[in-house]
Amino acid sequence: VQLQAYGGGSVQAGGSLGLTCVASGRSFNYYAMAWFRQAPGKEREFVGGVSWDGGTTSYADSVKGRCTISRNNAKTELYLRMNSLKPEDTAVYYCATGAVRYVENRDDYQYWGQGTLVTVSS
């Protein structure tokens, strides 16, 4: 499976941004998917995850209520819609997939995209 994330950019605090991750490979529709992010000097952290069929989602407390994760298996795409962005949301955002046991667990994921930078200015 190969992943390509795009949609990052610069936005002012309070603004919105949408990220897309395009997947290739036969196993996409059978795997959970997630977004993680990594800010400078910090570890990569879970943002949101979605089950293989899109029926179950989970979010980090820091983004709950402000972000929506979804997927389109027909297009093999994963999305993250972020609203009410804060400067602390500034990070490189990565999409990931794999045969995970716990969707929030970074170490469970076998496949990662290259990352897309989101910068939120105050």
Side-chain angles (χ1 to χ4, degrees):
V1 178
Q2 293 184 328
L3 304 174
Q4 178 78 29
Y6 63 94
S10 297
V11 63
Q12 288 191 329
S16 299
L17 205 61
L19 305 182
T20 300
C21 176
V22 181
S24 61
R26 295 185 302 172
S27 300
F28 171 85
N29 291 353
Y30 301 100
Y31 289 158
M33 296 199 74
W35 289 96
F36 287 78
R37 67 185 182 186
Q38 188 167 18
K42 295 187 177 181
E43 291 190 355
R44 194 170 298 187
E45 65 176 5
F46 173 76
V47 176
V50 59
S51 59
W52 68 273
D53 63 351
T56 302
T57 57
S58 62
Y59 299 93
D61 288 342
S62 58
V63 304
K64 198 171 294 183
R66 300 189 296 119
C67 291
T68 302
I69 189 171
S70 60
R71 65 190 292 167
N72 185 325
N73 285 350
K75 294 184 177 180
T76 66
E77 293 183 348
L78 172 74
Y79 312 105
L80 182 69
R81 181 66 182 176
M82 301 183 290
N83 299 317
S84 302
L85 283 163
K86 305 175 182 180
E88 50 263 45
D89 294 318
T90 295
V92 176
Y93 284 70
Y94 299 88
C95 54
T97 190
V100 305
R101 184 174 183 182
Y102 299 107
V103 70
E104 301 87 355
N105 189 0
R106 177 186 63 198
D107 294 335
D108 277 7
Y109 289 85
Q110 297 90 45
Y111 306 102
W112 292 85
Q114 85 290 358
T116 184
L117 177 63
V118 173
T119 302
V120 184
S121 58
S122 57

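Side chains are part of it too, since the values below use all heavy atoms of this structure and drop only hydrogens, waters and symmetry mates.
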Peer 1: Give the C-alpha distance, both sets of side-chain angles, the deciding distance and a yes or no for side-chain contact (heavy atoms from CB on, under 4.5 Å) between Leu78 and Thr20.
Peer 2: CA-CA 6 Å; Leu78 172 74; Thr20 300; over 6 Å; no

Peer 1: Verify, without hydrogens or angle tests, whether Ser51 (side chain) and Thr56 (backbone) share a donor-acceptor contact under 3.5 angstrom.
Peer 2: yes

Peer 1: To the closest 0.5 Å, what do you measure between CZ (Phe36) and CD (Glu104)?
Peer 2: 8.0 Å

Peer 1: Decide yes or no for Lys86 and Val120: does some side-chain heavy atom of the first lie under 4.5 Å from some side-chain heavy atom of the second?
Peer 2: no

Peer 1: What pair of heavy atoms forms the shortest contact from Met33 to Cys21, and how long is it?
Peer 2: CE-SG, 4.3 Å

Peer 1: What distance do Ile69 atom CD1 and Leu19 atom CG have between them, rounded to the nearest 0.5 Å?
Peer 2: 10.0 Å

Peer 1: Report yes if the side chains of Arg66 and Asp89 come closer than 4.5 Å at any heavy-atom pair, otherwise no.
Peer 2: yes

Peer 1: So, Trp35 versus Phe46, ring centres under 6.0 angstrom or not?
Peer 2: no

Peer 1: Identify the two heavy atoms, one from Tyr109 and one from Ala32, that lie closest to each other, and give their separation to 0.1 Å.
Peer 2: CE2-O, 4.4 Å

Peer 1: Ser16 side chain to Asn83 main-chain N or O, any donor-acceptor pair under 3.5 Å?
Peer 2: no

Peer 1: Under 4.0 Å between a side-chain nitrogen and a carboxylate oxygen: does that hold for Lys64 and Asp61?
Peer 2: yes

Peer 1: Would Glu77 and Tyr79 count as having a side-chain donor-acceptor pair, cut-off 3.5 Å?
Peer 2: yes

Peer 1: According to a hydrophobic-cluster definition based on side-chain heavy atoms being under 4.5 Å apart (Ile, Leu, Val, Met, Phe, Trp, Tyr only), do Leu80 and Val92 belong together?
Peer 2: no

Peer 1: Work out which heavy atom in Val103 is nearest to a heavy atom in Val100; give both atom names and the distance.
Peer 2: CA-CG2, 4.2 Å

Peer 1: Does the Thr119 side chain pair with the main chain of Thr90, one donor and one acceptor, at a distance under 3.5 Å?
Peer 2: no

Peer 1: Show your reasoning for whether side-chain contact (heavy atoms from CB on, under 4.5 Å) applies to Val118 and Met82.
Peer 2: CA-CA 10 Å; Val118 173; Met82 301 183 290; 4.0 Å; yes

Peer 1: Less than 4.0 angstrom from a charged side-chain N to a carboxylate O is my criterion; do Asp53 and Arg71 meet it?
Peer 2: no

Peer 1: Under the 3.5 angstrom rule, does the side chain of Asn73 hit a backbone N or O of Trp52 as a donor-acceptor pair?
Peer 2: yes

Peer 1: If you round to the nearest 0.5 Å, how far is OG1 of Thr116 from CD of Gln4?
Peer 2: 9.0 Å

Peer 1: To the nearest 0.5 angstrom, please state how far the CG atom of Leu117 sits from the OG atom of Ser10.
Peer 2: 7.0 Å

Peer 1: Donor-acceptor check, side chain of Tyr93 to backbone of Val47, threshold 3.5 angstrom: yes or no?
Peer 2: no

Peer 1: Could you pull out the closest heavy-atom pair between Leu3 and Ala23, with the gap in Å?
Peer 2: CD2-CB, 3.5 Å

Peer 1: Do Gln2 and Trp112 come within less than 4.5 Å of each other through their side chains, counting heavy atoms only?
Peer 2: no

Peer 1: Minimum heavy-atom separation for Tyr94 to Gln114, with atom names?
Peer 2: CE2-O, 3.5 Å

Peer 1: Taking all heavy atoms of Pro87 and all of Ser122, pick out the closest pair and write down the distance.
Peer 2: CG-CB, 3.9 Å

Peer 1: Considering only NZ, NE, NH1 and NH2 on the basic side and carboxylate oxygens on the acidic side, decide whether Arg37 and Glu45 come within less than 4.0 Å.
Peer 2: yes

